[in-house]
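Written below as structure tokens is the structure these notes are about.
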Amino acid sequence: MRRQCIKVPKKKGEPARRVLLGLEILDNSMKIGSDETFLYLPLSREPAPEELENFPAEYELTDFDFEPMEKKPVPEDLLGFSPAYEVIGDIALLEDENLDAQTALKIADALLRAQPNIKSVVKPLTPVIGEFRVREFEVIGGEPRTETVHREYGCRYKVDLSRAYFTPRLSTERSRILSWIKEGDTVVDMFAGVGPYSILLAKSKKPSRVIAIDKNPDAVHYLRENISLNSAKNIEAIEGDAREEAKRFTGTADHVIMNLPHSAHEFLDSAVLLTKPGGIIHYYGMTSEDDLFESSVELIRKAAGKAGRKIEILEKRVVRSYAPHQYNICIEAKII
């Protein structure tokens with residue numbers, strides 16, 4: 001297909017390409033052409049003379065016969081609809097537990113064909129259940145496994161989705177918590193799982209100590225693997241009930257992370273016990289849209305009151321929508 005283009009010497013091709021990208025006039029629907037000496041950069045429109053005043057090469061405006069860029073298929077192209085899924089490491093997790101077998105197989109085939117980074121496709125058979133917050137899965141395509149390594153903010157998290165809970169949807173929230181941590185702080189992660197909060201904080205080298213607790217032995221197994229995988233030095237992994245472990249660390253925490261939104265309220269007394277004067281509890285809950293924060297604030301206030309302390313609310317925010325009219329919220333409460 002004949003198109004107007006800019007002809008430049010090959011050795012100046014990459015700087016020229018970057019300039020055209022910055023001007024938004026490089027036609028990415030065409031493959032860049034070449035011969036023994038020159039590159040031919042396809043244009044989506046003719047550039048104005050002033051746009052090329054500082055062009056990083058001797059150039060010539062000319063025409064060239066270009067080949068169209070091959071369009072990679074996306075799952076929507078193959079299916080005719082947009083499937084609901086999230087990617088954890090190299091595993092695609094379908095979000096609809098009620099998909100019929102035929103539709104699930106079609107989606108798995110489309111994902112594996114369109115996205116080479118996906119090696120396995122799984123479908124949940126249950127919601128998150130039990131005290132260990134796990135789900136049952138069926139592998140419906142690709143490699144028969146539920147273990148993977150997920151990368152996030154320079155950290156790597158090994159996890160078996162059928163043995164420990166993990167979601168990439170809280171990556172932004174985990175990064176936000178990092179902004180609260182000061183150098184030398186002690187952090188207690190009461191429900192650490194495989195370590196996505198604890199390891200990110202520890203690797204930042206801000207806190208002097210991170211205490212990561214979880215009751216699920218499989219989660220703690222992966223937590224310890226991930227501490228080693230990320231060379232995180234200032235973190236202690238503890239298998240145990242957060243209520244009992246809190247007694248060992250009374251009054252030590254500058255920050256207490258309570259990321260167990262369905263039942264964190266049951267552990268507020270222990271969280272207050274952990275927190276030193278002036279320390280902050282990062283409380284996560286599930287609330288309805290007609291009572292986003294107030295009932296949760298009152299629960300925190302009552303727990304502090306039992307210990308003869310008061311609270312100052314520093315921030316209240318909606319983390320994400322969880323279900324119709326239901327939200328995952330976070331409250332930052334200073335314990336005074």
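Side chains included, hydrogens not; waters and symmetry mates left out as well; all remaining heavy atoms used. Keep in mind the model is a prediction, meaning the values are calculated, not measured.
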Original post:
Linking I/L/V/M/F/W/Y whenever any side-chain heavy atoms sit under 4.5 Å apart, do Phe137 and Val87 land together?
Top reply: no

**OP:** Please report the shortest heavy-atom distance between Asn226 and Val194, naming the atom on each side.
**Re:** ND2-O, 3.0 Å

Original post:
Considering all heavy atoms of both residues, which atom of Ile257 and which atom of Leu201 are nearest to each other, and what is their separation?
Top reply: CD1-CD1, 3.6 Å

**OP:** Look up atom CG in Leu111 and atom CD1 in Ile91, then write down how far apart they are to the nearest 0.5 Å.
**Re:** 13.0 Å

Original post:
Are any side-chain N or O atoms of Ser175 and backbone N or O atoms of Thr172, one a donor and one an acceptor, separated by less than 3.5 Å?
Top reply: no

Original post:
Counting N and O atoms only, with roles assigned by atom type, does the side chain of Asp109 sit under 3.5 Å from a partner on the main chain of Lys106, one being a donor and the other an acceptor?
Top reply: no

**OP:** Could you go through the side chain to side chain contact (heavy atoms under 4.5 Å, CB included) check for Leu274 and Thr250 one step at a time?
**Re:** CA-CA 5 Å; Leu274 282 166; Thr250 299; over 6 Å; no

Subject >> Gap between atom OG1 of Thr146 and atom CD1 of Ile88 - 0.5 Å precision >> reply: 10.5 Å

Original post:
Can you tell me how far CG of Leu260 sits from CD of Glu266, rounded to the nearest 0.5 angstrom?
Top reply: 8.0 Å

**OP:** Might you work through the ring pair (Phe, Tyr, Trp, His ring centres under 6.0 Å) test for His255 and Tyr197, ending with a clear yes or no?
**Re:** CA-CA 12 Å; His255 296 269; Tyr197 279 89; over 10 Å; no

Subject >> Side chain Asp254, main chain Thr186, donor-acceptor under 3.5 Å >> reply: yes

Original post:
Is a side-chain donor or acceptor of Tyr157 paired with a backbone partner of Pro196 at a separation under 3.5 angstrom?
Top reply: yes

Subject >> Side-chain donor/acceptor of Ser208 to backbone N/O of Gly184, under 3.5 Å >> reply: yes

Original post:
Tyr283 ring centre to Arg301 NZ or CZ under 6.0 Å, with the angle to the axis within 45°?
Top reply: no

Subject >> salt bridge (Lys or Arg N to Asp or Glu O under 4.0 Å) assessment of Glu312 paired with Lys310 >> reply: CA-CA 7 Å; Glu312 177 187 347; Lys310 296 181 179 180; over 6 Å; no

**OP:** Ignoring hydrogens and angles, tell me if any N or O in the side chain of Arg156 forms a donor-acceptor pair with the backbone of Leu229 under 3.5 Å.
**Re:** yes

Original post:
Checking Asp214 side chain against Met190 main chain: does a donor-acceptor pair fall under 3.5 Å?
Top reply: no

Original post:
Passes salt bridge (Lys or Arg N to Asp or Glu O under 4.0 Å), Arg169 versus Glu86? Steps please.
Top reply: CA-CA 9 Å; Arg169 293 184 175 184; Glu86 64 181 359; 3.0 Å; yes

Original post:
How many angstroms lie between atom CZ of Arg209 and atom CD1 of Ile235, to the nearest 0.5 angstrom?
Top reply: 11.5 Å

Subject >> Same cluster (ILVMFWY, side-chain, under 4.5 Å), Leu23 and Leu21 >> reply: yes

**OP:** Considering non-hydrogen atoms only, spot the tightest contact between Ala303 and Asp269 and give its length.
**Re:** CB-OD1, 3.5 Å

**OP:** Look only at the side chain of Asn216 and the backbone of Arg163, and say whether a donor-acceptor pair between them is shorter than 3.5 Å.
**Re:** yes

**OP:** Give the intermediate values and the outcome of ring pair (Phe, Tyr, Trp, His ring centres under 6.0 Å) for residues His282 and Trp180.
**Re:** CA-CA 10 Å; His282 305 268; Trp180 285 84; 5.8 Å; yes

Original post:
Which distance, rounded to the nearest 0.5 Å, do you find between the CZ of Arg2 and the CG of Asp63?
Top reply: 5.0 Å

**OP:** Ignoring hydrogens and angles, tell me if any N or O in the side chain of Asp100 forms a donor-acceptor pair with the backbone of Gln102 under 3.5 Å.
**Re:** yes

**OP:** List the steps and the verdict of side chain to side chain contact (heavy atoms under 4.5 Å, CB included) for His325 and Ser288.
**Re:** CA-CA 6 Å; His325 313 296; Ser288 62; 5.8 Å; no

Subject >> Pair Glu143-Lys119, salt bridge (Lys or Arg N to Asp or Glu O under 4.0 Å): steps then yes or no >> reply: CA-CA 6 Å; Glu143 299 175 7; Lys119 304 301 182 186; 6.0 Å; no

**OP:** Determine yes or no for a side-chain-to-main-chain donor-acceptor pair under 3.5 angstrom, with Thr103 supplying the side chain and Leu99 the backbone.
**Re:** no

Original post:
Stepwise, does the ring pair (Phe, Tyr, Trp, His ring centres under 6.0 Å) test hold for Phe191 with Phe267?
Top reply: CA-CA 10 Å; Phe191 319 105; Phe267 296 80; 4.9 Å; yes

Subject >> salt bridge (Lys or Arg N to Asp or Glu O under 4.0 Å) between Arg320 and Glu173, intermediate numbers included >> reply: CA-CA 10 Å; Arg320 58 173 175 154; Glu173 180 64 15; over 6 Å; no

Original post:
Does Lys7 count as lying over the ring of Tyr40, i.e. NZ or CZ under 6.0 Å from the six-ring centre, within 45 degrees of the axis?
Top reply: no

Subject >> Proximity of His265 and Tyr284 rings by center, below 6.0 Å >> reply: no

Original post:
Hey, quick one: are Ile281 and Val319 part of the same hydrophobic cluster, counting side-chain heavy atoms closer than 4.5 Å, chains of contacts allowed?
Top reply: no

